[in-house]
There are 2 protein chains.
Amino acid sequence: MIETKGNIKKIAVIGGGTGSYTVLKGLKNYPVHLSAIVSMADDGGSTGKLRDEYGVLPPGDIRRCLVALSDSSDLMKKLFEYRFSHGSLEGHSFGNLFLTALKEITREDGLSIKEAGKILKIRGKVLPVTLGNIKLCAELEDGQLIIGETKIDIPRHNSKLKIKKIFLYPEVDSTKEVLDVISDADLIIIGPGDLYTSIIPNFLVRGVSEAVANSKARKVYICNLMTKNGETNNFKVTDFVTELEKYLGKEVIDTVIYNQGNYDEELLNSYELEKAYPVGMDKENFSKFDMNFISGDLTSAPVLIRHDSEKLAKFLLDGKLL
Amino acid sequence: MIETKGNIKKIAVIGGGTGSYTVLKGLKNYPVHLSAIVSMADDGGSTGKLRDEYGVLPPGDIRRCLVALSDSSDLMKKLFEYRFSHGSLEGHSFGNLFLTALKEITREDGLSIKEAGKILKIRGKVLPVTLGNIKLCAELEDGQLIIGETKIDIPRHNSKLKIKKIFLYPEVDSTKEVLDVISDADLIIIGPGDLYTSIIPNFLVRGVSEAVANSKARKVYICNLMTKNGETNNFKVTDFVTELEKYLGKEVIDTVIYNQGNYDEELLNSYELEKAYPVGMDKENFSKFDMNFISGDLTSAPVLIRHDSEKLAKFLLDGKLL
């Protein structure tokens, strides 16, 4: 466990979505400096509507990271995550409206996120990986071009087609703050999260991959528990790593964390409906990579197949990595 | 000036809208216990839409009183008052959405307003005069019935027709908390505000008029500066008092505060467009009422004909009333 005197460790968590939320929520309870670097590719639902109408950076993932790091009252956090279930506000998360109104007042996304952080009393920083307005695009193995994160995330095309390449349109720069956080970090945590729609979009932003490669930090990838239809069908642990390396560079990652243990049969059946299956543990391939593969029992109570915040934080900070 | 030792004075401000906001904002800076009792008749704009769709108590006036009493950052107050000017959220005030989401979570209007008060760090209390869902109705002198606060406030009927009577549909009770605040008050401030649509609706709620009449408090009415088309055309100071007495009871009011002084000609011209004129100072009629009529220069900088928060608070607390 990290109990460094004076020298508090700096951790950068790169991702977006539920994965970052889970990691941050657990780590928040430890004496570390946390920075969340968040993908700006999301364009679905409430987030997509607010992007279109108000030109705001996609608030959804920012909101979740803010809540994960918040020291506010439970009610305030609940309010931020509250989603209107009917009426003309249906589908909007209140936190998204909050960030949108703040942006309208401050006229600057970076500033509005900082101010929201103050209001929510967050422990750490939440940083959009870019302030640019981008669309995520995917080229499939048959040459088809899919434009928009949601269309990749929830495929309307033949979901068996593999993603050949993803890219951002237009190309955008990161921010000095993000690049500084990456280069000053002691530990960089990548994932878990949807590979092509939450994780890699961060490394498509100019400057980010290089900053990660050049950082002195320990670089850890937390592999997903389940495959995702249309993105990572049939993927095994090293398939995630191989794809990630295409964008991040070869052998930038030091350590891969994967989950060990079996899931409840009935639970797996429910995931089968979404064509999601446990990520294969292809230990036979681990030796082909110059990195450590470590495993643990990292899942939460058996209702959903999710990483457990507390287990994950304990595992990350138990002395192996920092 | 009140500088009582130990015994902090309790002030209840009864009204709604801009008037209550102005009074509260000024009084907030003095060492007094403030309670705002707010009319629940509003049914227009963002407030009306949220009432219809989410069954929430009208949030608009509550929101303004919360902001008036808030010790939060200026940004938080600005955020609460921010109104979306375009897109699908157009016309909604963010604070109204805030109160609506809180109500959806807490399932109780009274509770959500209290929680919003905590989040906004208010000095004092903001209390809806009733938790009942009501419509304000007006009977005009020609027998026409107008249903809904907004239709009275912004008349589509012949605005020269006088209001004969207003009432609530259905009849509703007040709350124990409101009645206790009234009966424990040292000073009750009524108004300023639209007579039929912001002030009197409070006294139409069962229990309120009796509580005011029976309270040991000094009872002060702050008369409006300008008449309002469709409500108080050609009204002089004592016309306001006479109408108020119909609902509040004879000679319940101890003191009437009216404004002295002249307004800028050009400014008056702009008000003429809304058919609003300075309230006549009919001093010749004052002696017909068993109450004090006192006047002062109470208006704000000459951009709008509005009461000035600071002048008003100083005037109210200069020793004449408490």
Side-chain angles (χ1 to χ4, degrees), chain A residues 45-57 59 63 66-67 70-122, chain B residues 45-57 59 63 66-67 70-122:
Chain A
S46 165
T47 284
K49 210 169 167 191
L50 295 171
R51 272 186 82 165
D52 288 348
E53 291 188 350
Y54 298 96
V56 73
L57 285 184
R63 180 194 86 235
L66 288 170
V67 170
S70 172
D71 267 341
S72 277
S73 68
D74 285 348
L75 182 68
M76 190 70 179
K77 288 187 244 181
K78 226 168 155 177
L79 179 64
F80 229 71
E81 286 292 55
Y82 176 75
R83 203 176 281 278
F84 288 97
S85 60
H86 61 108
S88 58
L89 303 168
E90 184 176 341
H92 278 304
S93 131
F94 176 77
N96 291 356
L97 301 182
F98 195 104
L99 287 165
T100 303
L102 260 182
K103 157 71 193 296
E104 291 274 305
I105 293 170
T106 61
R107 303 258 152 220
E108 237 185 86
D109 282 294
L111 188 58
S112 65
I113 296 165
K114 281 200 187 0
E115 292 295 341
K118 282 189 212 162
I119 291 168
L120 281 169
K121 299 177 193 148
I122 65 165
Chain B
S46 164
T47 284
K49 210 169 167 191
L50 295 171
R51 272 186 83 164
D52 287 349
E53 291 189 349
Y54 298 97
V56 73
L57 285 184
R63 181 194 84 235
L66 287 169
V67 170
S70 172
D71 267 341
S72 276
S73 68
D74 285 349
L75 182 68
M76 189 71 179
K77 287 188 244 181
K78 224 168 158 179
L79 179 65
F80 229 70
E81 286 292 55
Y82 176 74
R83 204 175 282 276
F84 289 97
S85 60
H86 61 108
S88 57
L89 302 167
E90 185 175 340
H92 278 304
S93 131
F94 177 77
N96 291 357
L97 301 181
F98 195 104
L99 288 165
T100 303
L102 259 182
K103 157 71 193 298
E104 290 274 306
I105 292 170
T106 61
R107 304 257 152 220
E108 237 185 85
D109 282 294
L111 189 56
S112 65
I113 295 164
K114 281 200 185 6
E115 292 294 340
K118 282 189 213 161
I119 291 168
L120 281 169
K121 298 179 193 145
I122 66 165

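Please read all numbers here as calculations on a predicted model, not as lab measurements.
- Looking at A:Lys118, neither its backbone nor its side chain comes within 4.5 Å of chain B, counting heavy atoms on both sides.
- Ranked by heavy-atom pairs under 4.5 Å with chain B, the first of A:Met76, A:Lys78, A:Glu104, A:Arg83 is A:Glu104.
- A 4.5 Å side-chain heavy-atom check between B:Phe84 and A:Thr100 finds at least one atom pair inside the cut-off.
- Ring geometry, B:Phe98 versus A:Phe98: the interplanar angle falls from 30° to 60°, so the pair is classed tilted.
- Both the backbone and the side chain of A:Leu89 come within less than 4.5 Å of a heavy atom in chain B.
- Looking at A:Leu97, the atoms closer than 4.5 Å to chain B (heavy atoms on both sides) sit in the backbone and in the side chain alike.
- Looking at A:Glu81, there are no atoms closer than 4.5 Å to chain B (heavy atoms on both sides), in backbone or side chain.
- For chain A, the nearby parts of B:Leu79 are the backbone and the side chain; heavy atoms of each come within less than 4.5 Å.
- The shortest distance between side-chain heavy atoms of B:Leu75 and A:Leu102 falls below 4.5 Å.
- From A:Tyr54, atom OH reaches atom OG of B:Ser85 across 7.5 Å, with rounding to the nearest 0.5 Å.
- Contact of B:Ser73 with chain A is not made at all, since no heavy-atom distance falls under 4.5 Å.
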